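Okay, structure first, notes after.
Note that the structure is predicted; figures quoted are calculated from it, not measured. Just so it is clear, the values below take in all heavy atoms, side chains as well, and ignore hydrogens, waters and symmetry mates. The sequence lines fix the lettering, A, B, ..., with proteins before strands; numbering per chain opens at 1.
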2 protein chains.
Amino acid sequence: MGDTYTGRPRGRQREADRNDVRLFQAAREVFAERGWDAPVSEIARRAGIGMGSLYRRYPSKELLAQRMRIAGMEQLVAQARTALAEEPDPWAALVRFFRDALTDQGTGGPLLPLVGGRLPATDEVQAAAERLRAALDDLVDGAHRAGVLRADFTSADIPLLLEHLAPRIPVTGERAASLHLRYLDLALVGLRTTGPCRPTDLHGPAPQWEELRDLWNAPDS
Amino acid sequence: MGDTYTGRPRGRQREADRNDVRLFQAAREVFAERGWDAPVSEIARRAGIGMGSLYRRYPSKELLAQRMRIAGMEQLVAQARTALAEEPDPWAALVRFFRDALTDQGTGGPLLPLVGGRLPATDEVQAAAERLRAALDDLVDGAHRAGVLRADFTSADIPLLLEHLAPRIPVTGERAASLHLRYLDLALVGLRTTGPCRPTDLHGPAPQWEELRDLWNAPDS
DNA sequence: TTTTGAGCGGAGCGCTCCGCTCCGATAACT
DNA sequence: AGTTATCGGAGCGGAGCGCTCCGCTCAAAA
């Protein structure tokens, strides 16, 4: 029986658990890079497991994607809560949240592409979206009460602004995050209503036209 | 012979010309909405012409896309030149250019998605990119010399910033452009080094959470 | 009016690629 | 060694794509 299990998992059970976390990480990365259209086979390949094992855990691609979408929302909620808890200043909390959300501090890649993707609605997703709204409301209300955030910027602006600041561009990893932070720096100036008017330097090195040429041209020919 | 043609085209020739412009407009719209992955058949359908007529004019999808990419770059060049010519103030010219580029004033939709897409390099594309660089250099240099634009913002930032401000989001038309302008307003504050510190109201109505719910959920189920 | 053929629209071919299933191989327990 | 749960991945069925091909249309020539 299942309830006869005692102690830590061993053998096949351990492998299954390891597969679970690998699968989760791989799905997060692949969906983040290529969106909902990413092939399931690449997720399995990157996780180092077979298709059979993947489909035993998630009976369909859609369920896997929905799970990642919820995980993405919960990640944003956690980042908002952390920012509020660790940054006493409301403005610093908001900035911290934006930076964390765009770089996904040590969480293995951003899930925003799936959060903003179009998938069938489920109750779980609705509930996660409600929690996200509550967390972002706290963040924004705090900044509004402190008078540091422009009044016409709402909590519903945050997901859209994040989607604008983190578009799918033909570059991934550090450089993409650096560019996202660069243009976040611009937007932050516009968000603030008090304090120093001109910001410090923009994040990261400025792009060069040679870099654009590489971005715009297909890899081989 | 062909050179015996005199006067205006009539009959089938007129239809062919009308098809040309319809095809161009349709390709612009479809590529703008769905990117390089858009099916050729939808372009033909929206143009109201058959596949045969489409492929008589463009021997491959790739050539059609490259043509639109060049058109997109040339449109940006034209918008930059127009902004420089009609706005005496360098800052006003820069703002005018950004707004025009994001809304594509009466040009039938933005072509930025194709400009930023990955396609094989061709000499024509390289030349168009060079002209684009020259035009954006003029725009940025003017603002730099006037001291109104932060020094660490370069002309190569402009295409990337435009891509960030105009991501493919699951909404098209007026509302998408309105949102793009909204977040452009934020970035513009960060770009300016002089003048009024706090901007006027953000463009457009603030998004509501209900709107986000509609954006994130699939159309039917 | 009749003939003609360039130009038209769209059905469908061939192919790629994807979600998903199935089964032989593998390895932990007895 | 035998048993059995679990694994990996080859392959199936089908959707969707770029592109071709062909019967039809209709303005112009005879």
Legend entry - Sugar-phosphate or base contact per nucleotide [nucleotides 13-22 of chain C; S, B, -; heavy atom under 4.0 Å]: -----SSBBB
Inset, instruction - Taking the six-membered ring for Trp and the single ring otherwise, decide whether the centroids of A:His203 and A:His180 are under 6.0 Å apart. - result: no
In whole angstrom, what separates [X]'s [atom1] from [N]'s [atom2]?
| X | N | atom1 | atom2 | answer |
| --- | --- | --- | --- | --- |
| A:Asp20 | D:dT6 | CG | C1' | 13 Å |
| B:Arg57 | C:dG9 | CZ | P | 9 Å |
| B:Arg56 | C:dA6 | CZ | C1' | 8 Å |

Under 3.5 Å donor-acceptor pairs involving side-chain atoms of residues 38-53 of chain B, not counting sequence neighbours:
from	atom 1	to	atom 2	distance (Å)
B:Glu42	OE1	B:Arg34	NH1	2.5
B:Glu42	OE2	B:Arg46	NH2	2.8
B:Arg46	NH1	B:Glu29	OE1	3.3
B:Arg46	NH1	B:Glu33	OE2	3.2
B:Arg46	NH2	B:Glu33	OE1	3.2

Inset, instruction - Find out whether A:Trp216 and B:Met73 are in side-chain contact, i.e. whether some heavy atom of one side chain is under 4.5 Å from a heavy atom of the other. - result: yes
Inset, instruction - Output yes when B:Arg67 and B:Glu124 qualify as a salt bridge under the 4.0 Å nitrogen-oxygen rule, no when they do not. - result: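 No, B:Arg67 and B:Glu124 are not salt-bridged.
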Legend entry - Salt bridge B:Asp152-A:Arg182, side-chain N to carboxylate O under 4.0 Å: no
